There are 2 protein chains.
Amino acid sequence: MQNHSGRNLTYVIVHDLGRAIVKGHYDQHNPFPIEAALCTQYGASRSVLREAVKMLTAKGLLRARPRQGTWIEPEENWNLLDPDVLQWLLERKYSPQLLVEFTEMRLAFEPMAAALAAQRCQPEDIQNILAALDRMREAEKGNDDPLSSDIAFHVSILNACGNRFYAQLKGMINTALRISIRLTNQRKGVPLASIRDHKKVVDAIMARDPEAASEAMRALIVEAMMLIQQSKADELQKAASIGSSIKSAQ
Amino acid sequence: MQNHSGRNLTYVIVHDLGRAIVKGHYDQHNPFPIEAALCTQYGASRSVLREAVKMLTAKGLLRARPRQGTWIEPEENWNLLDPDVLQWLLERKYSPQLLVEFTEMRLAFEPMAAALAAQRCQPEDIQNILAALDRMREAEKGNDDPLSSDIAFHVSILNACGNRFYAQLKGMINTALRISIRLTNQRKGVPLASIRDHKKVVDAIMARDPEAASEAMRALIVEAMMLIQQSKADELQKAASIGSSIKSAQ
DNA sequence: ACAAGATTATTTATCATATAAATTTAGCAC
DNA sequence: GTGCTAAATTTATATGATAAATAATCTTGT
């Protein structure tokens, strides 16, 4: 990858503004700046700023009107399923709740994807799934990255289910798992989930058993959900203990 | 709605180009035009064209590089879950296959949404769901639009499940159902599905029974899927009969 | 003939400036 | 105060120029 898209000034500004917006940097007290102010802030021309704002508009984050200026759209209009938006959202610190909601989403479509894969995956899809499982085995031996191989496994199944919408979710799984692992404090070398549980999914798909594939996948995600819930609870408890220590110090 | 966003020249061009792209108007033989050509084609300034292209880039449809020009991204990179992109895609004639894939997607998350709603919806959510069901009853009597009330029903449940990602899918449901109804040749006044089957979902949610809610919702979508599959088969048969009549005429 | 390096050409990226359009706000007559 | 007019503000559009990236072409030496 030579000229990463992020090098263009426009894209740098898009990502910077995008992060600021989802972080809630702008509100009624601090409204979104007018074009001229943004130009000053970034030292860029109006063309660049307008193009950046238009990209964020296309993702549902902004809206502009003559004389009224540009403002943040209500959060329900953001395209959460846009890979950029999702990444900016999950990058916010302390967003375990959003991760829970995303995992609830995975709980809906990944078991279904496994079931569809069991019904109609092609030989090459099986090859890819088996290759991903092998990567996980290698990771367990320390010869591969556990996180990347786990992601590759889930992606291989989304690819195998022969549905373009499911395939779309690859980027989001990638983003969410990487953030998730950061939140749940997993470290390199620590297996994320057992090979055995993952293999159950593969076996069911190869046996052309949709029900079993679905159930095995569901078990994997429930496991992930429990890790997230746990760290969310830890987070809350930490906050509470800080709160009480402040209280007791008064 | 006073100044619909579509009135700006930029947005008109975005939608026009977006439709042309998903229709496959551009390919290796007919590559995407350079900026200057697009300006001529639309009689617009470079600023406007560049902003439109940037919006389509944000939706994953295009990519640009100096000297290399602008080109269509491979379809797997398109943000299918962007409401605009989905609409452009479904508007293409003869895209029952895409509708099938979308309905497979609904089959994953709508039953789950109903189950979540059963677990944790608030009193006002129940109110909204019941109101939507009432609209469907009125539609059956000819006092409301059957399609709109059906959509309102599904949306009310997505709103009730307390998950932002599920709520995101509202726009897509709206688009897909409207296109679906066009494809399956339903007419105004013809009920899309029975009130009784829809009421089963509501009853299960109000009884706080996630399993039953999920199953009742699944039944609704399976019904919709069968209608689509049927019209897809009709389409294929029609095409085949045209093909054979051409053949027999030779 | 051919490889290496320099030159040219093409296209997007960025900047700058000006005018138009939309719409709120302020001013003013009554 | 009410209703009309004028001014002010902000985005939308147009135009033209320069910079940057890189493919294509043209030297030049062997």
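Order of the sequence lines sets the chain letters (A, B, ...), proteins ahead of strands, with each chain counted from 1. The shown structure was predicted, so the numbers you read here are calculated from the model rather than taken from an experiment.
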Q) Got A/Met112 and B/Met105 here, is their nearest side-chain heavy-atom distance under 4.5 Å? A) no
Q. Rounded to the Å, how far apart are B/Ile34 CD1 and D/dT22 C1'?
A. 15 Å
(Q) Walk along nucleotides 16-21 of chain C from 5' to 3' and tag each nucleotide B, S or - by protein heavy-atom contact under 4.0 Å, base first, then sugar-phosphate. (A) --B---
Q: Nearest whole angstrom, please: distance from the P of C/dT23 to the CZ of A/Arg65.
A: 7 Å
(Q) A/Tyr166: which residues meet the ring pair (Phe, Tyr, Trp, His ring centres under 6.0 Å) condition with it, sequence neighbours left out? (A) none
Q: Applying side-chain hydrogen bond (donor to acceptor under 3.5 Å, both in side chains), name anything that partners B/Lys59, two or more places apart in sequence or on another chain.
A: B/Asp82, B/Asp84
Q. Does a side-chain N or O from A/Lys54 land closer than 4.0 Å to OP1 or OP2 of D/dT11, or not?
A. no
Q | Atom-pair distance (CD on A/Glu35; C1' on D/dA12), nearest Å | A | 8 Å
Q. How long is the line joining CZ of A/Arg7 and C1' of C/dT12, in whole Å?
A. 16 Å
Q) What is the distance, rounded to the nearest whole Å, between atom CG of B/Leu49 and atom P of C/dT12? A) 10 Å
Q: Please report, rounded to the nearest Å, how far the C1' atom of C/dT11 is from the CZ atom of B/Phe32.
A: 14 Å
Q) Quick one: is B/Gln68 getting a side-chain N or O under 4.0 Å of the D/dA21 phosphate, OP1 or OP2? A) no
Q: Mind grabbing the angle between the end helix axes of the helix from C/dA1-D/dT30 to C/dC30-D/dG1? Five pairs an end, 10° rounding.
A: 20°
Q | B/Arg164: salt bridge (Lys or Arg N to Asp or Glu O under 4.0 Å) partners, not counting sequence neighbours | A | A/Glu75, A/Glu101
Q.
Output the rounded distance in Å from CZ (B/Arg50) to C1' (D/dT15).
A. 15 Å
Q) Can A/Gln41 and A/Leu38 be said to form a side-chain contact (heavy atoms from CB on, under 4.5 Å), step by step? A) CA-CA 5 Å; A/Gln41 178 181 338; A/Leu38 284 174; 3.8 Å; yes
Q.
If I take atom CG in residue B/Leu9 and atom C1' in nucleotide D/dA14, what distance separates them, rounded to the nearest angstrom?
A. 11 Å
Q. Which pairs pass side-chain hydrogen bond (donor to acceptor under 3.5 Å, both in side chains) with one or both residues in residues 122-134 of chain A, sequence neighbours excluded?
A. A/Asp134-A/Arg137
(Q) Just to verify, what does B/Ala20 make a side-chain contact (heavy atoms from CB on, under 4.5 Å) with, not counting sequence neighbours? (A) B/His25, B/Tyr26
Q) Got a sec, which residues hit ring pair (Phe, Tyr, Trp, His ring centres under 6.0 Å) with B/Phe102, two or more places apart in sequence or on another chain? A) A/Phe165
Q) Tell me the ring-ring contact (aromatic ring centres under 6.0 Å, His included) pairs involving residues 42-78 of chain B, sequence neighbours left out? A) none
